[in-house]
There are 2 protein chains.
Amino acid sequence: MERKCPIETVIHVLGGKWKPTILWLLLDSTKRFSELEKLIPEVTQKMLAQHLRELESDQLVTRTVYPSVPPKVEYALSDYGKTLVPVMEIMCEWGETHQRPGLKQAVL
Amino acid sequence: MERKCPIETVIHVLGGKWKPTILWLLLDSTKRFSELEKLIPEVTQKMLAQHLRELESDQLVTRTVYPSVPPKVEYALSDYGKTLVPVMEIMCEWGETHQRPGLKQAVL
DNA sequence: CGGCATCCCTTCCGATACTG
DNA sequence: CAGTATCGGAAGGGATGCCG
């Protein structure tokens, strides 16, 4: 991976279709796979699993497997992931303003 | 466009491959199309033009055409676009930290 | 100079089915 | 429960060529 604009890095880790939502939910509390599924009804298992793998390899979330039957897996925001929270809050704030109707946004 | 996480909005406007770079350069000063081309050697004309259109329709940059021969077109960060600067700075800061070697990041 | 049009490849993502 | 595998469509983006 070549050196590039640091902003790209943030885009990369948050850029998946459901990643911000996942992180936001995990900020509230640790959650199981099935909980995330219920909380994000539109997401497919495939994308949820894939995004969680990516967030994990970016070290933003931790994955804990409890060797029980049935299996239980918990996802949590890592301490490192929490450093992203202020960034997300700022982004969120700007996004809300930009989304406001009356800005000729999203006419289509 | 359905209502979604406001963070997605930021991802959307900054999410093009060269958009952060373009905005960063325009923050410094107004630039012509050909100047941007030289400043971002890897970008193709197609993507530069396309991203500029999108940034324009998101009202982050303004496009000014001088009816001269040869044609001259200047792109500038709009006042509204400048509201994104603090957001970009925070993102940049986090990105630089995350990019740091030792985090198993960006081996190149 | 500052584009647009076309072709093509790659990545992202949804749908569906199957498994330890 | 918590995934993986496979297929196929949609979108992003590169290369090249043409134009006012």
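Note on naming: letters A, B, ... go to the chains in the order of the sequence lines (proteins, then strands), and numbering restarts at 1 for each one.
Going from atom CD1 of B:Ile22 over to atom CG of B:Leu55 covers 5.5 Å, rounded to the nearest 0.5 Å.
Taking the 5' to 3' direction, DNA chain D first and last meets chain B under 4.0 angstrom from a heavy atom at D:dG13 to D:dG20.
No side-chain donor from either of A:Thr21 and A:Lys19 sits under 3.5 Å from a side-chain acceptor of the other.
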Letter per nucleotide, 5' to 3', of nucleotides 1-6 of chain C [B base touched, S only sugar-phosphate touched, - untouched; heavy atoms, 4.0 Å] = BSBB-B

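Looking at heavy atoms from C-beta onward, B:Val61 lies out of side-chain contact with B:Ser78 at the 4.5 angstrom threshold. Side-chain atoms of B:His98 and A:Gln59, non-hydrogen and from C-beta on, never get closer than 4.5 Å to each other. With a 4.5 Å cut-off on side-chain heavy atoms, B:Lys82 and B:Asp79 count as touching.
When rounded to the nearest whole Å, the span between CD of A:Glu54 and C1' of C:dC13 equals 11 Å. Distance CE (B:Met47) to C1' (C:dT11): 13 Å, rounded to an integer number of Å.
Not one side-chain nitrogen or oxygen of A:Trp18 sits closer than 4.0 Å to the OP1 or OP2 atom of C:dC12.
Other residues, nucleotides and ligands contribute at most 12 non-hydrogen atoms within 6.0 Å of the CD atom of B:Glu93.
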Can I get a per-line list of side-chain donor-acceptor pairs under 3.5 Å for residues 64-73 of chain A, giving both atom names and the distance, sequence neighbours left out?
from: A:Tyr66; atom 1: OH; to: A:Glu74; atom 2: OE1; distance (Å): 3.3
from: A:Ser68; atom 1: OG; to: A:Tyr66; atom 2: O; distance (Å): 3.4
from: A:Ser68; atom 1: OG; to: A:Pro70; atom 2: O; distance (Å): 3.1

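Aromatic ring pairs are classed by plane angle as parallel below 30°, tilted from 30° to 60° and perpendicular above 60°; the pair B:Phe33 and B:Tyr75 is tilted.
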